[in-house]
2 protein chains.
Amino acid sequence: MKLYGYFRSSAAYRVRIALNLKGLTVQHAPVHLLKDGGEQMQPDYLARNPQGIVPALELDDGSVITQSLAIIEYLDAMKPEPRLVPAGPVLAAKVRAVALAIACEIHPLNNLRVLDYLKGPLRHSQGDVDRWYGHWLLAGGLEPIEQMLPGDRFCFGDAPTLADCCLVPQLFNARRCKVAYDHLAKIGRAEGSCALLPAFEDAHPSRQPDAQ
Amino acid sequence: MKLYGYFRSSAAYRVRIALNLKGLTVQHAPVHLLKDGGEQMQPDYLARNPQGIVPALELDDGSVITQSLAIIEYLDAMKPEPRLVPAGPVLAAKVRAVALAIACEIHPLNNLRVLDYLKGPLRHSQGDVDRWYGHWLLAGGLEPIEQMLPGDRFCFGDAPTLADCCLVPQLFNARRCKVAYDHLAKIGRAEGSCALLPAFEDAHPSRQPDAQ
């Protein structure tokens, strides 16, 4: 399998964590989101993923799976242990809801192409963009998510799930953009537990071959 | 089960379609998103869903599941026929990817609270907001999704899936906002097939008790 990604993309980072937790090795194909107007908009990448975003997972038969959560669900079906979506339907729904709260409610509003639209066509200052970023990250995102967590060692229970695969990359972004979240104790606890696992450490953007 | 929703919320609309396809009946509890500053921000609703968004599905034991895609996956686990996420892992991933492309790439950028932020704190004109809406709906959304579809009767194959549950409400929004998408033939075909099914018709916003 080949993973098209970018070291700093938090969606690709989610998939790297999932692969590491499952002990799966893939070939990494970096797609540079900033070089030459974005390699993700070049025809050869668009043929694989018409959305022009990373990640995309190319299977050995050449078929391509896109959208980080769909990729992680696929990996969970193909190699169920350790399970990233729990077997019990209600717990599975709660894990997916936290993952989706991050993937649908925070990340889409704060990713590079949206911030570029605010700065470009809408001509906003960096200050406006920073307030936008912080608003959707905290009030619209991490603060309600804190209340969706039971307060376990990881997001749910004693082992990482799909929720942790999404949370940690989002927190990396928060730190990078200097948005403080240390008032969120349950999130902090889960983050601390993840930080002790090599699967999370090895997936960190700074550890990727395309990191600059 | 009790579904907290709003007739015009496209996320609630997705869940209504899924319930109808599975022949499941629930009690409907309307949450008026515009009245009194938004009933979704009242303490009794926030206690059920700290995100302050609809839908939320309350189970008979009182536990609550949020996020429309997590709710539909839960329904698919509890009552597998007809399957909304196919059994085959690759096809399941492709169905989920289209659902997520809508739920993560179009809807979060175009929902009411984001448009309100653009008009309020960022002081944009209705023209700016309309261009924003159209940009994320078409170039950022439906146009790449058209290329992700095989061109079947429904989004994938001869029966509706999770992808159709997400597509139809998004197209309802597009029509409402007068964004034309008739150049997207595969999307148009799937929409036409869905329109013939009572499960979709009965889930339409205009058919809900809280429709005004």
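Predicted model, so just to flag it, every value in this text is computed and none were measured. Proteins get letters first, then strands, A, B, ... in listed order; numbering begins at 1 in each.
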Structural part of [X] lying under 4.5 Å from a heavy atom of chain A:
{"X": "Trp132(B)", "answer": "both"}
{"X": "Leu59(B)", "answer": "side chain"}
{"X": "His124(B)", "answer": "side chain"}

Is it the backbone or the side chain of [X] that comes under 4.5 Å from a heavy atom of chain B, or both, or neither?
{"X": "His107(A)", "answer": "neither"}
{"X": "Ala93(A)", "answer": "both"}
{"X": "Val64(A)", "answer": "backbone"}
{"X": "Leu57(A)", "answer": "neither"}
{"X": "Leu122(A)", "answer": "both"}

Short N-O contact, Arg113(B) and Asp116(B), less than 4.0 angstrom: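 Salt bridge flag = no for Asp116(B) with Arg113(B).
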For the residue pair [X] and [Y], establish whether any side-chain heavy-atom pair is separated by less than 4.5 Å.
{"X": "Glu191(A)", "Y": "Leu184(A)", "result": "no"}
{"X": "Gln147(B)", "Y": "Lys186(B)", "result": "no"}
{"X": "Ile72(A)", "Y": "Ile17(A)", "result": "no"}
{"X": "Met148(B)", "Y": "Gln51(A)", "result": "yes"}

Out of [options], which one racks up the most heavy-atom pairs below 4.5 Å with chain B?
{"options": "Val95(A), Leu69(A), Leu109(A)", "result": "Leu109(A)"}
{"options": "Pro89(A), Ala77(A), Gly52(A)", "result": "Pro89(A)"}
{"options": "Gly140(A), Ala97(A), Ser68(A)", "result": "Ala97(A)"}
{"options": "Arg131(A), Glu146(A), Met78(A), Glu105(A)", "result": "Glu105(A)"}
{"options": "Cys104(A), Ala92(A), Ser63(A)", "result": "Cys104(A)"}

Pair Ile53(A)-Thr66(A), side chain to side chain contact (heavy atoms under 4.5 Å, CB included): steps then yes or no: CA-CA 9 Å; Ile53(A) 52 180; Thr66(A) 62; over 6 Å; no
Whether Trp136(A) and Tyr117(B) hold their rings parallel, tilted or perpendicular, with breakpoints at 30° and 60°: tilted
Donor-acceptor contact below 3.5 Å, side chain Arg96(A) vs main chain Ala70(B):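 No; zero donor-acceptor contacts below 3.5 Å.
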Polar side-chain atom of Ser10(A) near backbone of Pro169(A) as donor-acceptor pair, under 3.5 Å: no
Arg175(A) versus Tyr181(A), side-chain donor and acceptor atoms under 3.5 Å: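 A donor-acceptor contact under 3.5 Å links the two side chains.
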Top contributor to chain A contacts, counting heavy-atom pairs under 4.5 Å, from Leu46(B), Val98(B), Asp76(B), Val114(B): Val114(B)
For chain A, the option from Val90(B), Ile145(B), Asp128(B), Ile65(B) that forms the most heavy-atom pairs under 4.5 Å: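 Top count of heavy-atom pairs under 4.5 Å with chain A: Val90(B).
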